[in-house]
Number of protein chains: 2
Amino acid sequence: MAQQLEPHRALGEKFESWMQFDFDATRCPVRNLLDHIGDRWSILILSALAGGPKRFSALARAVPDISKRMLTQTLRRLQSDGFIDRDVQPTVPPQVTYSLTPLGKSLAAPLLTLIDWAETNFASVVEARQKMAEAA
Amino acid sequence: MAQQLEPHRALGEKFESWMQFDFDATRCPVRNLLDHIGDRWSILILSALAGGPKRFSALARAVPDISKRMLTQTLRRLQSDGFIDRDVQPTVPPQVTYSLTPLGKSLAAPLLTLIDWAETNFASVVEARQKMAEAA
DNA sequence: GATATAAGGTCTCTAAATGAGACTATGTCA
DNA sequence: TGACATAGTCTCATTTAGAGACCTTATATC
């Protein structure tokens with residue numbers, strides 16, 4: 001026996017422990033996080049801001065296929081979760097700059113491991129999809 | 001200067017490199033992965049299966065607030081992406097067992113880092129939300 | 001002077017995704 | 001005979017997301 005649990009076994013045990021929250025997604029840290037950043041845009045926006053502060057329109061350009069509506073909505077939620085700061089300069093027109101908080105920056109490390117996985121394993125996923133498509 | 005880039009800087013540079021895919025989410029590995037497992041259920045189901053193979057009804061019990069419809073849909077997609085295997089025993093009624101593939105198991109490690117982050121930083125997120133709520 | 005553009009959004013309308021729950025087939029158990 | 005279980009599918013209602021017009025004020029252009 002290895003003294004270190006294989007990752008997927010460890011993940012299985014974690015999952016069991018989530019049961020203690022009665023699957024109340026608001027109380028379980030993991031489900032809560034997934035509900036907040038587990039969408040199409042949050043991770044993208046956090047990544048865009050990881051390079052440095054950006055203004056609203058710069059973010060819209062950086063993620064061209066997001067609508068203003070969803071950009072606003074996602075920024076508001078990331079802000080209220082403490083991942084980003086919103087700084088308004090009271091000029092006319094106003095200038096609003098968004099930046100990562102220390103908490104937001106701390107999320108970068110785990111996101112990177114996920115992103116590295118995606119980059120190295122993308123080919124396998126594409127291959128699996130092709131096999132499924134052929135079988136059908 | 002540290003020879004190792006800070007994680008959030010590294011993430012920022014990754015983001016820039018995604019531009020080369022013209023923000024075509026089907027070709028960018030990261031956007032592609034996010035579109036497929038970045039939803040409310042996929043990670044939960046993968047985690048449930050990390051503890052070992054499970055049948056359809058066992059998964060439904062393990063994740064009580066998922067509808068059968070979404071459970072079926074999510075399982076199909078995880079299967080076609082090569083994360084899980086689907087094994088049908090032609091008994092009556094049929095018994096269908098789902099299990100992680102090696103690819104699915106390999107995703108456990110990066111997921112764990114994200115989950116560990118969620119567990120250790122949940123308090124900060126809750127605190128941020130309270131501050132925002134008070135300010136409003 | 002009229003028009004265009006920019007900022008950072010909001011608002012409305014439509015389209016897509018999701019959730020709830022009824023319904024299916026066949027067999028075992030009481 | 002009726003109830004229950006398996007692994008889903010199907011329909012309908014609700015929720016969420018996307019597209020794009022619109023807002024305010026100021027500066028630049030024609």
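All values reported here derive from a predicted model rather than from experimental measurement.
Rounded to whole angstrom, the span from the CG atom of B/L59 across to the P atom of D/dA7 amounts to 10 Å. For the pair A/M70 CE and C/dC13 P, the interatomic distance rounds to 20 Å; values are reported in whole Å. Atom-to-atom, CZ of A/R76 to C1' of D/dT16 comes out at 18 Å; the value is rounded to the nearest Å. As a whole-Å value, the separation of A/Q79 CD from C/dG9 C1' is 14 Å. Between the P atom of D/dG18 and the CG atom of A/D65 lies a distance of 9 Å, rounded to the nearest Å. Distance B/Q73 CD to C/dA16 C1': 12 Å, rounded to the nearest Å. If you measure from atom NZ of A/K68 to atom C1' of C/dG8, you get 7 Å, rounded to the nearest angstrom. The CD atom of B/Q95 sits 6 Å away from the P atom of D/dA7 (whole-angstrom rounding).
Looking at A/R55, its side chain has no donor and acceptor atom pair within 3.5 Å of the base of C/dA7.
By the 4.0 Å N-to-carboxylate-O rule, A/K105 lies too far from B/E6 to be salt-bridged with it. Of the charged side-chain nitrogens involved, at least one lies within less than 4.0 Å of a carboxylate oxygen, so that B/E127 and B/K131 count as a salt-bridged pair. Here B/R40 does not pair with B/D65 in a salt bridge; the nearest charged N to carboxylate O distance is not below 4.0 Å.
Side-chain N/O atoms of A/R40 include one lying less than 4.0 angstrom from OP1 or OP2 on D/dG18. For B/S57 and D/dA7, the shortest distance from a side-chain N or O to OP1 or OP2 is below 4.0 Å. For A/W41 and D/dG18, the shortest distance from a side-chain N or O to OP1 or OP2 is below 4.0 Å. Phosphate contact (OP1/OP2 of C/dG9, side-chain N/O of A/R86, threshold under 4.0 Å): present.
Projected onto DNA chain D by closest heavy-atom contact, A/R77 and B/L75 fall at different nucleotides, the more 5' of which corresponds to B/L75. Residue B/R69 is the one, among B/P93 and B/R69, whose nearest nucleotide of DNA chain C lies closer to the 5' end (criterion: closest heavy atom).
Side chains of A/S42 and A/T74: no donor on one and acceptor on the other come within 3.5 Å.
Residue B/T72 has its side chain nearest to D/dG8 when only D/dA17, D/dA7, D/dG8 are considered.
Separation of the B/F15 and B/W18 ring centroids falls under the 6.0 Å cut-off.
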